[in-house]
Amino acid sequence: MTKVRLKGLKIYARNGRWYAYVRETGQKLDGGFKGGKAEFLAHLATPAMLSAYSRAIDAQPIRSHGTFGSLIDFYKTKPKWLDLSPRTQADYEKALTFLEPTMDTPLVEIGPGDIAETRDRAVAAHYAKFANDCLSVLSAAFSAGREYGMVQTNPVTGIRRAKTSGSTKDANRRWTDKEWTSVIAIAPPHLVAVLGLARWAGLRGQDIAVIRWDALRDGALCVTARKNGVYGEIPVFPPLKEILEAETRETLTIAKSARRKPYPSENALRKAWHDFKKSKSYTTAVPTGADLTLHGLRVTYASWLRDLGFGKADIAAALLDKTDAMGGHYARGADKSRLWKRIAERGF
């Protein structure tokens, strides 16, 4: 049987039905199909659907000037969108799909009340984090529009974010020493390096998933953070050195999946972590660890530096982070070599 691949489609299932949209235009190709995925893909390969696909893929979104849709199109041409990480763009695209029915709304008619109602609808239709993603992309778009004179105000300003379940203050809390010791002792081989890079280098998940062995030079990890482009040469401290020396170099990347292949994405890496957390060995060894996160190890790294007496500017530099908390800009690069030396002296 010939397989027909239709590019540029967003395909998903909800409540037992399958839907397909053209990503670029947001146009619905088909929706409400009942059956399995294979059946739906076969349905999309029928002559009628191929004809509909051709018409849809050739269509260009026509956004009337002064509408919300035209603001989104404009926003996507600016650095505020282009500089986002792939993961953030993907999250925002999902939010924009939800907002698609409002694209023809005149900008002059959109006020804070409309934003609050949109937030509430998003919570009801999905969940709080999704609603907050909607607020984030709306705020960014209106911010870009205000900067370039498309709108006078940002109606998202002052709108409270949706309240997520549980305490958001400790969503990525610091791990205790006992939790770390217990987890690393039972972690499966495909997660040991992941955990070590988060705990002893403070790397984000998106960097852990892609960092390669050739980034390890002269006892340091040479990293350019994907989130903000900040570069640093992070020393491989003794605990991380021990972990890396025990790793096999089967892949170009340091982190590798249970199949001994590079993680295809940060989401795949996170799924491996969540699957491990569901295991009986994990819940038995770490009874307090239901809320532990990989990003919490980055928090643990930062807290460890704080415990060693380092201030906010030094911690931000060590995390390859950007911050205005200390006021103005400072030359972090010039001081990093001395910073790493001080960390090694105090911590080991």
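Just so you know, these numbers come straight off a predicted model, no measurement behind them.
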Legend entry - Backbone of G309 reached by a side-chain donor or acceptor of D314 within 3.5 Å: no

Inset, instruction - Please answer: with hydrophobic residues joined when any side-chain heavy atoms are less than 4.5 Å apart, are L320 and V210 in the same cluster? - result: no

Inset, instruction - Name the orientation class of the two ring planes belonging to W81 and Y92 (parallel below 30°, tilted from 30 to 60°, perpendicular beyond 60°). - result: tilted

Inset, instruction - Spell out, yes or no, whether V230 and I208 are grouped together once hydrophobic residues are joined by side-chain heavy atoms under 4.5 Å, including indirect joins. - result: yes

Inset, instruction - For T251 and K256, indicate whether the former's side chain and the latter's backbone hold a donor-acceptor pair under 3.5 Å. - result: no

Legend entry - Neighbour count above 12 (heavy atom, 6.0 Å) for D307 CG: yes

Legend entry - Salt bridge D133-R119, side-chain N to carboxylate O under 4.0 Å: no

Inset, instruction - Return the orientation label for the Y301 and W304 ring planes: parallel under 30°, perpendicular over 60°, tilted otherwise. - result: tilted

Inset, instruction - Quick one: do T181 and T176 satisfy side-chain contact (heavy atoms from CB on, under 4.5 Å)? Show the steps, please. - result: CA-CA 9 Å; T181 302; T176 66; over 6 Å; no

Inset, instruction - Over all heavy atoms of both residues, which pair between E247 and P189 is shortest? Give the atoms and the distance, please. - result: OE2-O, 4.0 Å

Inset, instruction - Group every Ile, Leu, Val, Met, Phe, Trp and Tyr by side-chain heavy-atom contacts under 4.5 Å, then state whether V108 and V156 land in the same group. - result: no

Legend entry - Flag side-chain contact, heavy atom, 4.5 Å: L292 against V286: yes

Legend entry - Expected output: side-chain D83 to main-chain K80 donor-acceptor under 3.5 Å: no

Legend entry - Side chain to side chain, L195 and L294, heavy atoms closer than 4.5 Å: yes

Inset, instruction - Step by step, work out the side chain to side chain donor-acceptor pair (under 3.5 Å) result for N172 and T293. - result: CA-CA 6 Å; N172 292 301; T293 65; 2.8 Å; yes

Inset, instruction - Find the distance between CD (E245) and CG (L240) and round it off to the nearest 0.5 Å. - result: 10.0 Å

Legend entry - N132 side chain to R161 backbone, donor-acceptor under 3.5 Å: no

Inset, instruction - Indicate the atoms forming the closest heavy-atom contact of P155 with G111, along with that distance. - result: CB-C, 3.8 Å

Legend entry - Salt-bridge present (R173, E179; N to O < 4.0 Å): yes

Inset, instruction - Mark yes or no for whether S139, through its side chain, and L135, through its backbone, hold a donor-acceptor pair below 3.5 Å. - result: no

Legend entry - Interatomic spacing from OG in S70 to CE in M150 - rounded to 0.5 Å: 4.0 Å

Inset, instruction - Kindly check if the number of other-residue, nucleotide or ligand heavy atoms within 6.0 Å of NZ (K277) is above 12? - result: yes

Inset, instruction - Begin from the C-alpha positions of Q152 and R146 and carry the test side-chain contact (heavy atoms from CB on, under 4.5 Å) through to its verdict. - result: CA-CA 6 Å; Q152 297 299 311; R146 183 180 181 187; over 6 Å; no

Legend entry - Interatomic distance, E242 atom CD to F237 atom CZ [nearest 0.5 angstrom]: 15.5 Å

Legend entry - Rounded distance (nearest 0.5 Å) linking atom CG of L84 with atom OG of S136: 10.0 Å

Inset, instruction - Look at the side-chain heavy atoms of Ile, Leu, Val, Met, Phe, Trp and Tyr, link any pair under 4.5 Å apart, and say whether W213 and L203 land in one connected group. - result: yes

Legend entry - Between D104 and T67, a side-chain donor and acceptor under 3.5 Å: no

Inset, instruction - For the pair D207 (side chain) and R226 (backbone), establish whether a donor and an acceptor sit closer than 3.5 Å, ignoring hydrogens and angles. - result: yes

Inset, instruction - Please step through side-chain contact (heavy atoms from CB on, under 4.5 Å) for the pair K241 and W200, ending with a clear verdict. - result: CA-CA 9 Å; K241 181 179 180 182; W200 296 111; over 6 Å; no

Inset, instruction - For residues D321 and I315, determine if any side-chain heavy atom of one lies less than 4.5 Å from a side-chain heavy atom of the other. - result: no

Legend entry - Residue pair K129 / D91, side-chain heavy-atom distance below 4.5 Å: yes

Legend entry - Crowding at CG, D214 (>12 non-hydrogen neighbours, <6.0 Å): yes

Legend entry - Any W175 side-chain heavy atom under 4.5 Å of V299 side chain: no

Legend entry - 4.5 Å side-chain heavy-atom contact, F68 and L138: yes

Legend entry - Donor-acceptor under 3.5 Å (E39 side chain, G36 main chain): yes

Legend entry - Side chain T284, main chain S281, donor-acceptor under 3.5 Å: no

Legend entry - Straight-line distance of R174 CZ to S303 OG, nearest 0.5 Å: 4.5 Å

Legend entry - Separation of T88 OG1 from Q206 CD (nearest 0.5 Å): 7.0 Å

Legend entry - Distance under 6.0 Å and angle within 45° of ring axis: K78 vs Y148: yes

Inset, instruction - Begin from the C-alpha positions of L269 and W273 and carry the test side-chain contact (heavy atoms from CB on, under 4.5 Å) through to its verdict. - result: CA-CA 6 Å; L269 183 152; W273 163 247; 5.5 Å; no

Legend entry - Greater than 12 external heavy atoms within 6.0 Å of K76's NZ: yes

Inset, instruction - For A193 and I243, work out which heavy atoms get closest and say how close. - result: CA-CG2, 4.0 Å

Legend entry - Shortest non-hydrogen contact from I234 toward A201: CD1-O, 3.8 Å

Inset, instruction - Of all the heavy-atom pairs spanning A187 and F276, show the shortest one and how long it is. - result: CA-CZ, 3.7 Å

Inset, instruction - For the residue pair F142 and L107, establish whether any side-chain heavy-atom pair is separated by less than 4.5 Å. - result: yes

Legend entry - Heavy-atom pair of closest approach, residues N228 and R204: ND2-NH2, 3.7 Å

Inset, instruction - Using atom types as modelled and distance alone, determine if a side-chain donor or acceptor of R199 lies under 3.5 Å from a backbone N or O of L297. - result: no

Inset, instruction - Determine whether Y282 and V183 make a side-chain contact, defined as any pair of heavy atoms from C-beta on separated by less than 4.5 Å. - result: yes

Legend entry - SB check E266 R270 (cutoff 4.0 Å): yes

Legend entry - Path from I159 to Y127 over hydrophobic side-chain contacts below 4.5 Å: yes

Legend entry - is_close_aromatic(F130, F98), centroid dist under 6.0 Å: yes

Inset, instruction - Mark yes or no for whether R298, through its side chain, and G202, through its backbone, hold a donor-acceptor pair below 3.5 Å. - result: yes

